Amino acid sequence: MASFISEFKRMIKTGEINSDTLSQILSFDKDQQQAMIEQLALAPDNVAYDILSFIMNTMGPTHPLRPRLYQLTMDRAHINFKFSMILINHTNPDRPGPITHLIRHILSKETDKELLKDIFRAAGRLGMEFLVDDLTEFVFYDDPELRKEAVTAMERIGTNKAVQRLEQIAQTDKCGPDILDALAFLKGKRKTPPGPQPRKKAKPSQLPQPARQPQPAKPAPPCQAPIDPNVRLLVSPKIEDRLNAFEYFGDKGPEVAHALHDNLENQTPDLLVNLLRLIARTIPEESLGDLLTLTEKKDLKNSVRFSLYTALSHYPELESTAPIVKAVTDPAIFVSMAAIRALDRHCSDYVVAEIRKKIESGTKAGETVATTILDTCAPRLIEALMASDTFSYISSNYLDSFAPVRTIDTWISILEKRKQTSTAKKFARIRDDQNQTGRPVIVVIHPSAPYLDVFSILIHRCGFCARTFFGSQEAFEFIVNEKPAAIITDFFVRQMRVNDLAHEIRELYPATQVPLMVSSLQRHLDKSNLTSMFQACGINGFWEFPAKPGQIKSLAGGK
């Protein structure tokens, strides 16, 4: 094994691929394969491409290592589009599944003509009907090479949908001999009996002349207000309007996905924040491509980026989280915590290798990544990173001295799962000592884990103990039995508005005894309207999210 890893490292360093050595991988046991994948995950793109191509071409479709290498290739492809060709060649075109959003995203972003032509040819060769609409767009481009390849691909796909799109193009001013030729061939092919038939070239004069396509309307300016009145309510200065919009869209995933797609270039942070929150609630699959597009934008506000990664963290599965990795070192901790939540849902070999490299860099930023992962209570990432001595060392020191109780609890549960009972007992004693400090308790209620993660660590660092709840019902069960120092929530918690929540809390405790604070990403609200609602409901005040330490310390005479 040691000799293989040594040779494998040499191949990665020199780029000289040894097929005999690589063939051994298919017979390795699980631990040996893991050692190989750790090296491959961080290999330079050109070397990784050749190695992945060779292994994927060599192994059978049922080999147990194939899913991990396919996912590693998927993660690579989201960073370097060239890797998509490996995926295309090893995906069932009738069930493209995971690569659908990726390939469409690449076709909308890529500028390398050679790669685009390779994708077009593969689409035609494999009959990838799901790309017909995307290929149609390239027929309208001014690039003659891409147009020719796109038409050829549609002709080779040859399905009813491909014929329909070619017929539609034939009625526009983009019609040409290539379109008429492809249509004549496809229609002739369907009329003739099976067997080899000569291809006859159609005479343009025998086919309908194309109609002149009307000039498209000028696109709306990025900042123009949305047309849908319900979408417009999401940026109303009145909080009641926004809450009504949340209720309206609460079970309308396709409508939310459509609204997000139409407003990707909108520069109004409130609108994007609220659409992304609705995405997190409805989880429409058709939005994955748009979420991927947003991860690449460099000018997004922190509030939008937090909402973006929060939305991604609610998806049970993502085709890849590789584009999110860069956010784990974001200077805005609340953004990095949301990104870590999303990464924890899809803890791939590539993601773990990239994060481990950051942690083992020996920098202060690497230590911050490690402690932020701990405070986010990301169990899959934590367990995967335990193989790193650097991560384990940083974790042990942090858990011994600064970590909140929920972070220690997560670490203990992982140790118990790994049968490390004696070590788990050591940290259990540290947790018990913290529980005896008698810190005042602040309750936080929110349906989003990243929101709770952020407040949990802020509250701990301000000298309080945080008790977090996803919904109001479980929070009330705690509040009835134990009077908290304060309660923090958002304007809308699952199916409940904050004014209704406040009325129920005030039946238990007056505002002078238990402050109820609203902390939210909602901005640009009518202050007088907000004040009236707060006074009527017994809400003590509003903080922008995330709250400042001084604001939290001011609660109940905090330290």
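Atoms considered below: every heavy atom in the structure, side chains included; atoms not considered: hydrogens, waters and symmetry mates. None of these values were measured; they are calculated from a predicted model.
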Exercise for review: Go through the steps for V405 and C465 under the test side chain to side chain contact (heavy atoms under 4.5 Å, CB included), then give the verdict.
Suggested key: CA-CA 8 Å; V405 169; C465 175; 5.6 Å; no
Exercise for review: Would you sort out whether R281 and D251 count as a salt bridge (Lys or Arg N to Asp or Glu O under 4.0 Å), showing the intermediate values?
Suggested key: CA-CA 8 Å; R281 182 173 172 179; D251 59 352; over 6 Å; no
Point to revise | E317/R345 under salt bridge (Lys or Arg N to Asp or Glu O under 4.0 Å): CA gap, chis, key distance, verdict | key: CA-CA 7 Å; E317 288 187 17; R345 296 297 296 267; over 6 Å; no
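The side-chain contact (heavy atoms from CB on, under 4.5 Å) search around S472 returns F476, M496, L501, not counting sequence neighbours. Residues satisfying the side chain to side chain donor-acceptor pair (under 3.5 Å) criterion with R125, sequence neighbours excluded, are N89. Checked against ring-ring contact (aromatic ring centres under 6.0 Å, His included), Y141 has the following partners two or more places apart in sequence or in another chain: F138. Qualifying side chain to side chain donor-acceptor pair (under 3.5 Å) partners for T91, counting only residues two or more places apart in sequence or in other chains: Y70. Applying the side-chain contact (heavy atoms from CB on, under 4.5 Å) test to L42 and every residue at least two apart in sequence or in another chain returns A353, E354, K357. Not counting sequence neighbours, F130 has no partner by the ring-ring contact (aromatic ring centres under 6.0 Å, His included) test. In this view, S307 and V273, L276, L521 satisfy the side-chain contact (heavy atoms from CB on, under 4.5 Å) rule, not counting sequence neighbours.
A heavy-atom distance below 4.5 Å is found between the side chains of R467 and F478. By the 4.5 Å heavy-atom criterion applied to side chains, R356 and L385 are counted as neighbours. When side chains are defined from C-beta on, I457 counts as touching P404, because their heavy atoms get closer than 4.5 Å. Taking 4.5 Å as the limit, every side-chain heavy atom of N397 sits out of range of all side-chain heavy atoms of F402. Under the 4.5 Å side-chain criterion, counting only non-hydrogen atoms from C-beta, N274 is in contact with F246. In this structure, I37 and L65 have side chains that are in contact, with non-hydrogen atoms separated by less than 4.5 Å. Within the 4.5 Å cutoff, the side chain of L374 has heavy atoms near those of the S395 side chain. Inter-residue side-chain proximity for V47 and M11 is flagged as unmet; no heavy-atom pair is nearer than 4.5 Å.
The pair K148-E145 fails the salt-bridge criterion, with no side-chain N (NZ, NE, NH1 or NH2) lying under 4.0 Å from an Asp/Glu carboxylate O. Under 4.0 Å is where a charged nitrogen must lie from a carboxylate oxygen, and between R406 and D375 no such pair does. Under the 4.0 Å criterion applied to side-chain N and carboxylate O atoms, R277 and D490 are assigned as salt-bridge partners. Looking at R380 and D344, no side-chain N of the basic residue comes within less than 4.0 Å of a carboxylate O on the acidic one, giving no salt bridge.
The side-chain contact (heavy atoms from CB on, under 4.5 Å) with I55 is formed by just one residue from the set I86, L69, D50; it is L69.
Distance alone, capped at 3.5 Å, is enough to place a donor-acceptor pair between the S53 side chain and the Y49 backbone. In this structure a side-chain-to-backbone donor-acceptor pair under 3.5 Å is missing from T321 to I324.
Around the NZ atom of K117, the shell of radius 6.0 Å holds more than 12 heavy atoms that belong to other residues, nucleotides or ligands.
Taking all atoms of both residues into account, the shortest heavy-atom contact from A257 to S287 is CB-OG, 3.1 Å. The two residues A384 and V352 come nearest to each other via the heavy atoms CB-CG2, 3.8 Å. A pairwise comparison of heavy atoms in N302 and A332 identifies ND2-CB, 3.7 Å as the closest pair. V256 approaches L275 most closely through the heavy-atom pair CG1-O, 3.9 Å. The two residues R341 and T376 come nearest to each other via the heavy atoms NH2-O, 3.0 Å.
Applying the ring-ring contact (aromatic ring centres under 6.0 Å, His included) test to pairs two or more places apart or on separate chains, those with a residue in residues 284-310 are F306-F334, F306-F545. Sequence neighbours left out, the pairs with a member in residues 285-297 that pass salt bridge (Lys or Arg N to Asp or Glu O under 4.0 Å) are E265-K297. Screening residues 389-399 for salt bridge (Lys or Arg N to Asp or Glu O under 4.0 Å), with sequence neighbours left out, gives no hits.
Taking NE2 from H101 and OG1 from T293, the interatomic distance works out to 11.0 Å, rounded to the nearest 0.5 Å. Atom CE of residue M85 and atom CG of residue D118 lie 5.0 Å apart, to the nearest 0.5 angstrom. Rounding to the nearest 0.5 Å gives a distance of 11.0 Å between OG of S303 and CG of L308.
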Can I get a per-line list of side-chain donor-acceptor pairs under 3.5 Å for residues 74-83, giving both atom names and the distance, sequence neighbours left out?
residue, atom, partner, partner atom, Å
D75, OD1, Q71, NE2, 3.4
D75, OD1, S320, OG, 2.5
D75, OD2, S348, OG, 2.6
R76, NH1, A43, O, 3.0
R76, NH1, D45, OD1, 2.6
R76, NH2, L40, O, 3.0
R76, NH2, A41, O, 3.2
R76, NH2, A43, O, 2.5
H78, ND1, M74, O, 2.9
H78, NE2, E319, OE2, 3.0
N80, OD1, K82, N, 3.1
N80, ND2, D45, OD2, 3.0

Considering only distance and modelled atom types, tabulate donor-acceptor pairs under 3.5 Å from the side chains of residues 411-430, sequence neighbours left out.
residue, atom, partner, partner atom, Å
S413, OG, T410, O, 2.7
K417, NZ, E383, OE1, 3.1

